[in-house]
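The shown structure was predicted, so the numbers you read here are calculated from the model rather than taken from an experiment.
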Amino acid sequence: MGFAFADPEALTKEQREAVAEHQRTVRSGPRKLSLRALREEASLSQAELAARLKPPVDRIARMETGDLDRVQLATLRRYAAAMDARIEITATRGEAFAQLG
């Protein structure tokens with residue numbers, strides 16, 4: 001069932017229940033977030049995170065846009081740890097994979 005709405009009061013009781021169930025499911029399960037979304041969920045600004053980690057704010061911004069080629073793994077681990085998160089690395093080849101670190 002898919003629907004879009006602007007006013008939740010315009011929904012039927014069944015639709016409101018479906019929306020509520022979907023929200024509970026989304027909130028309780030694992031979610032894929034970008035680095036930026038993870039930082040925002042931790043209620044940190046780029047400047048606050050940079051103050052904790054010591055790199056310039058523009059470096060934080062580059063990391064959050066996916067520019068990770070020159071970022072050290074230790075920096076990513078500190079970034080994650082600042083938000084009570086952890087880094088997991090998986091090497092994948094076809095259907096096979098290995099958890100690293």
Side-chain angles (χ1 to χ4, degrees):
M1 170 175 57
F3 51 87
F5 60 94
D7 180 10
E9 296 304 315
L11 300 176
T12 66
K13 180 181 177 186
E14 293 80 21
Q15 289 172 326
R16 284 193 301 273
E17 289 171 358
V19 168
E21 177 60 28
H22 175 72
Q23 289 172 337
R24 282 190 297 275
T25 301
V26 168
R27 289 184 184 127
S28 67
R31 296 172 290 142
K32 180 180 178 180
L33 299 176
S34 66
L35 289 176
R36 177 182 175 180
L38 188 66
R39 175 184 50 78
E40 289 173 347
E41 189 172 270
S43 300
L44 291 170
S45 69
Q46 286 181 343
E48 291 167 328
L49 187 59
R52 288 184 185 189
L53 301 180
K54 305 300 184 225
V57 174
D58 67 320
R59 189 162 161 206
I60 298 290
R62 285 195 313 269
M63 286 172 49
E64 290 183 351
T65 59
D67 185 7
L68 300 174
D69 288 338
R70 298 181 61 201
V71 176
Q72 293 183 0
L73 181 56
T75 302
L76 285 173
R77 284 189 171 138
R78 286 195 327 272
Y79 181 104
M83 293 165 286
D84 294 324
R86 68 182 184 282
I87 298 291
E88 294 181 357
I89 301 172
T90 304
T92 306
R93 182 175 186 267
E95 296 297 317
F97 67 93
Q99 291 290 128
L100 309 173

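A 4.5 Å side-chain heavy-atom check between Arg59 and Leu53 finds every atom pair outside the cut-off. Considering only heavy atoms from C-beta on, Glu17 stays 4.5 Å or farther from Glu21 through its side chain. Gln46 places a side-chain heavy atom less than 4.5 Å from the side chain of Glu64.
Of the inter-residue distances, the one linking Met63 atom CE with Ser34 atom OG reads 12.0 Å to the nearest 0.5 angstrom. Of the inter-residue distances, the one linking Ile89 atom CD1 with Arg77 atom CZ reads 6.0 Å to the nearest 0.5 angstrom.
Linking Ile, Leu, Val, Met, Phe, Trp and Tyr whenever their side-chain heavy atoms come within less than 4.5 Å puts Ile87 and Val71 in one cluster. Residues Leu100 and Leu73 share a single hydrophobic cluster, defined by chaining ILVMFWY side chains whose heavy atoms lie under 4.5 Å apart.
Nearest heavy atom pair, residue Ala85 against residue Leu38, reads CB-CD2, 4.1 Å. Nearest heavy atom pair, residue Thr12 against residue Gln15, reads N-OE1, 2.9 Å. Here the closest non-hydrogen pair linking Ala50 and Pro55 is CB-O, 3.3 Å.
Checked by atom type and distance alone, the side chain of Arg39 never pairs as donor or acceptor with a backbone atom of Leu49 at under 3.5 Å. The main-chain N or O of Leu35 is found under 3.5 Å from a side-chain atom of Tyr79 such that the two form a donor-acceptor pair.
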